[in-house]
4 protein chains.
Amino acid sequence: MMEGGLSAATMEAIAARAGVGKATIYKWWPSRGAVALEGFMVSAADSWSLPEGASASEALRLLATSAVRLFVDTPAGQLMRSLAADAQSQPEIALALREQWFRPRRAVVVEIIRQGIENGELRADLDVAATVDLVFAPVYYRLLFSHEPLDEEFATRSIEHVLHGIAARE
Amino acid sequence: MMEGGLSAATMEAIAARAGVGKATIYKWWPSRGAVALEGFMVSAADSWSLPEGASASEALRLLATSAVRLFVDTPAGQLMRSLAADAQSQPEIALALREQWFRPRRAVVVEIIRQGIENGELRADLDVAATVDLVFAPVYYRLLFSHEPLDEEFATRSIEHVLHGIAARE
Amino acid sequence: MMEGGLSAATMEAIAARAGVGKATIYKWWPSRGAVALEGFMVSAADSWSLPEGASASEALRLLATSAVRLFVDTPAGQLMRSLAADAQSQPEIALALREQWFRPRRAVVVEIIRQGIENGELRADLDVAATVDLVFAPVYYRLLFSHEPLDEEFATRSIEHVLHGIAARE
Amino acid sequence: MMEGGLSAATMEAIAARAGVGKATIYKWWPSRGAVALEGFMVSAADSWSLPEGASASEALRLLATSAVRLFVDTPAGQLMRSLAADAQSQPEIALALREQWFRPRRAVVVEIIRQGIENGELRADLDVAATVDLVFAPVYYRLLFSHEPLDEEFATRSIEHVLHGIAARE
DNA sequence: CCGTAAGCGAGACGGTACGTCCCGTCTTGAG
DNA sequence: CTCAAGACGGGACGTACCGTCTCGCTTACGG
C-alpha cells in the first residue's frame with residue numbers, strides 16, 4: 001500500500017508481498033478493509049499518550065497535533081485514507097472503523113471536554129459531540145481532500161480558533 | 001448509484017441503466033469518477049445562493065446548513081461519498097474535485113471571512129484557510145464517517161461554537 | 001486489405017481508406033464479404049481468356065496456371081483468402097461465391113472436358129465434376145494453407161499428373 | 001461450435017458452454033484458434049489407421065476416404081473449416097495447423113508414394129509434393145467451398161482419376 | 001442565378017465480444 | 001496438518017468494430 005499507491009494494494013499483491021497464499025489472508029481477515037483496519041490500529045497503537053493532569057485546552061491541542069503526526073509520519077495516514085474510501089461502499093468497514101477507532105477515541109475526548117466543563121475551563125452549554133468533531137474534523141478533512149497542507153501548525157491554529165472563537169470580542 | 005449503493009454503480013450498470021453503450025460513456029467521461037463529478041456538480045449547481053448583505057456569521061451558518069441540506073436531501077451526498085472514496089486512489093479525481101468543487105467554493109468563503117475581518121465582525125488575526133476548514137470540515141466528517149447524525153442543527157451548533165469559541169469567557 | 005493484412009480490413013478502415021462514410025459502403029454492399037467479392041470479381045475479370053481451338057489438356061493447363069498467376073500476381077489472391085475465410089461462417093458469402101465465381105467458371109471447364117471426351121482426348125468414363133476439382137483444388141489448397149509454394153510449375157505438374165495418372169504404365 | 005455455427009463459437013460462448021471463466025481458457029490456450037486446433041487434433045486422433053502392407057494405390061484411396069469420413073462424420077469437419085478461416089488472418093494458426101496437422105500427415109503420404117515408386121507401382125518421375133496435394137486437395141476444396149457434395153464416392157473417384165489419369169490411353 | 005433538396009463525409013450511438021485483472025473459493029503438493 | 005502456490009468461476013474493466021442513425025456541408029438542379 002505504501003509502495004504502489006492505495007489502488008495497488010490488491011489482495012493478490014498483499015499476499016505476494018507477504019510471501020503468503022491468498023487463502024491464508026482470508027483465514028485471518030474477512031476483507032482487504034479488515035487487513036487495512038488492523039494495520040491501521042497497529043500503526044496507531046502508540047499514539048494514545050495523554051499527559052495526566054493537562055488542561056482541557058492543552059489536551060485538545062495535543063490530540064489534534066498528534067493525530068496530524070500519526071497521519072503524516074506513519075503509514076497510518078495512507079491506511080486511514082484507504083479505510084475511509086472503503087467505508088463509503090462497505091458498511092462492515094464503516095462499522096468496524098467507527099467501533100474500533102472512532103468510538104473509543106471519541107470517548108476519551110468526551111471525557112476531557114466534560115472535565116473541562118466541570119472545572120470551568122470550557123463553556124457549560126457545549127454540544128459535546130459537535131465539539132469533538134471540531135477537534136478532529138479539520139485533520140481528516142485535509143487528510144482526505146489534500147486541498148491544503150496537513151501539518152501541526154494547522155492543527156494548532158484550528159484548536160486555538162475553536163477554543164476562543166473566530167468572532168471578535170466586543 | 002442511488003439504487004444499489006455506491007459499489008453497484010459500475011460502468012456497466014450505469015450504461016445499462018442509461019440504456020447506453022459503455023463506449024458512449026467513455027467517449028464523454030474518462031472514468032467513473034468523472035461521471036460522478038459531473039453528476040455531483042449538476043446536483044449541487046443551485047446550492048450557491050447567498051443572501052447579499054448578510055453578516056459574516058450569518059453567511060457561514062447558511063453555508064454550513066445548506067451544505068448539510070445538499071448532502072442529505074439530494075443525491076449529492078451519495079455522489080460526494082463516492083467521489084471522496086475515488087479521490088483516495090485516483091489523483092485525477094482528487095485534482096478535479098479540488099479544482100472544480102472545493103476551490104471556487106472556498107474562494108467565496110475566504111471572501112466572506114475577509115469582509116468579516118474588515119468590518120470588525122471577525123478577529124483580525126485569523127488563519128483564514130483554517131477558518132474555512134472549520135466551517136466545512138465537520139459536515140464532510142460526518143458525511144463520510146456517519147459516526148453521528150448529519151443534520152442542520154449540528155451544523156448550526158458547530159458554527160456557533162466556532163464563532164464564539166468553546167472556552168469559557170473569564 | 002493489401003496493406004495491413006486481412007484482419008485489418010475492417011469496415012471502418014475500408015471507409016477511412018476510401019475517404020468515405022461507413023453508411024455509403026453499406027448503401028452499396030450488404031457486408032464486408034460483398035465488398036471483397038466485388039473487388040475479387042473485378043480483379044479476376046480479365047483472367048478468362050482461353051485460346052479458341054486449344055486441346056483439352058492444353059486448356060486445363062492454361063486454366064490452372066492462369067489461376068495461379070491471378071492469385072499470386074494480383075490482389076485476387078488475398079481477396080480469395082478473405083472470401084474463403086468469410087464463407088466458412090457466412091452462408092450468404094459462401095452462396096455468392098459459388099454462384100458468381102465458381103459456377104460459371106466450372107461450367108466452362110465442364111464444357112472443355114466434355115469436348116475432350118467427345119473428341120477422344122479424354123477418357124469417356126470420367127466423373128466430370130471430380131475432374132474439374134482435380135484441376136483447381138490443388139491451387140486453392142496451396143493458396144489457403146501455404147504448406148508448399150504456389151507457382152506455375154506446380155500447377156503445370158499437377159495437371160500433367162492428372163492427365164496421365166501417377167500409376168506406372170505396365 | 002456444433003450448435004450455433006462457427007460464428008457463434010465466441011470465446012464467451014465457449015466459456016459459458018463449458019461452465020468456465022474466460023480467463024481459464026486463456027490460461028490454457030492463447031486464442032480461439034488454438035482451442036479449435038486442439039479440439040480438431042483430438043477429434044482426428046484416431047483417423048490415422050493405415051493397414052500395413054497395403055499397396056500404394058490402396059493406401060491413397062484409404063487416406064482420401066478416411067479424410068472424408070473424418071470431416072463428414074465427426075466435428076473435425078466444422079473444426080477444420082473454422083481453422084482454415086482463422087488461418088487466413090492469423091499466421092500463428094496457419095503455422096500451427098501446418099506443423100501439427102499437415103506436416104506429419106503429409107510425411108506419411110510422402111513415404112507411401114516413395115515406396116510406391118520404389119516397388120514400381122507408381123511412376124518414377126513424380127513430383128511427390130504435388131502428388132500429395134492431388135490426394136488431399138479435392139477433399140479440402142469441397143469441404144471449404146461446398147460447391148459439390150463431399151462423400152466417399154467422390155474421394156474414391158478422385159483417387160482413381162489421379163492414379164490412372166484422365167487422358168485417354170492411345 | 002439562386003434556393004433547395006439530395007447525397008454524402010463524419011462520426012455518435014446501442015450493442016457484442018474481446019482479452020485482462022482481480023475477486024473470493026477451492027485444490028494440490030511439499031515440508 | 002498447515003500453508004504457498006495458484007487454478008478456478010465469475011464479473012467488471014476499457015477497447016475495437018459492428019451496423020444504424022443523425023447531423024451539416026456541398027453540390028447541382030429546377031424555378
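Note on naming: letters A, B, ... go to the chains in the order of the sequence lines (proteins, then strands), and numbering restarts at 1 for each one.
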>> For B:Phe102 together with B:Tyr140, are the ring centres under 6.0 Å from each other?
In response: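 They qualify: ring centres under 6.0 Å apart.
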
[X] versus [Y]: any side-chain heavy-atom pair under 4.5 Å?
{"X": "D:Met80", "Y": "D:Trp101", "answer": "yes"}
{"X": "A:Phe71", "Y": "A:Gln78", "answer": "no"}
{"X": "B:Asp86", "Y": "B:Ser82", "answer": "yes"}

>> How many whole angstroms separate atom CD of D:Glu12 from atom C1' of E:dG19?
In response: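 Those two atoms, CD and C1', are 10 Å apart.
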
>> In this structure, how many angstroms lie between the C1' atom of F:dC18 and the CD atom of C:Gln90, rounded?
In response: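 Taking atom C1' of F:dC18 as the reference, CD of C:Gln90 is at 12 Å.
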
Name each donor-acceptor pair under 3.5 Å that joins a side chain in residues 8-16 of chain A to protein atoms two or more places apart or in another chain, with its distance.
unit_1: A:Thr10; atom_1: OG1; unit_2: A:Ala13; atom_2: N; d: 3.0
unit_1: A:Glu12; atom_1: OE2; unit_2: A:Lys22; atom_2: NZ; d: 2.8

>> Quick check on contacts: within residues 19-34 of chain D, what sits under 4.0 Å from DNA chain F by heavy-atom distance?
In response: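 Within residues 19-34 of chain D, the residues near DNA chain F are D:Gly19, D:Val20, D:Gly21, D:Ala23, D:Thr24, D:Lys27, D:Trp28.
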
>> Starting the side chain at C-beta, find the nucleotide from E:dC23, E:dC18, F:dC17 nearest to D:Met11.
In response: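 The listed nucleotide nearest to D:Met11's side chain is E:dC18.
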
